[in-house]
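Report on the structure given below.
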Amino acid sequence: MKTRSISRKQRGQGMTEYIIIVALIAVAAIGVYSLFGRTVRDQTAGLAQEVAGNDAQTAIGNAQTASQLAETNANATKGLANYNENNEHGTAGGGGN
């Protein structure tokens, strides 16, 4: 009776696939955070101020402004044809959030 065991090669392949998936998730998370990071930080600041019993209108306004900027950057056409234009206006790479 032979038992079937997983070889080192197969275990290594599984680990490599796992590392690739984790890397793709990390890249996606960095992209989302670079686009919406400022909005999330401002919303978190507003929430913390409200929980502390303070007025958070400034933080809420900042979050709204940041979300509008993120929407503008997301809708901008970005490519090699207009790379220098986007770079001059600070929209290349997520707008410098």
Original post:
side chain to side chain donor-acceptor pair (under 3.5 Å): which pairs involve residues 14-23, sequence neighbours left out?
Top reply: Q13-E17
Subject >> Between CD on residue Q64 and CD on residue Q43, distance to nearest 0.5 Å >> reply: 9.0 Å
**OP:** Could you identify which residues cluster with L24, counting Ile, Leu, Val, Met, Phe, Trp and Tyr as linked when any side-chain heavy atoms lie under 4.5 Å apart, either directly or through a chain of such contacts?
**Re:** I20
**OP:** Measure the spacing between CD of E50 and CD1 of I60 and express it to the nearest 0.5 Å.
**Re:** 5.5 Å
Subject >> Smallest separation among heavy atoms of A45 and A59, with atom names >> reply: C-CB, 4.2 Å
**OP:** Over all heavy atoms of both residues, which pair between T39 and A63 is shortest? Give the atoms and the distance, please.
**Re:** CG2-O, 3.8 Å
Original post:
What closest approach, in Å, do D55 and Q49 show between heavy atoms, and which atom pair accounts for it?
Top reply: O-OE1, 3.4 Å
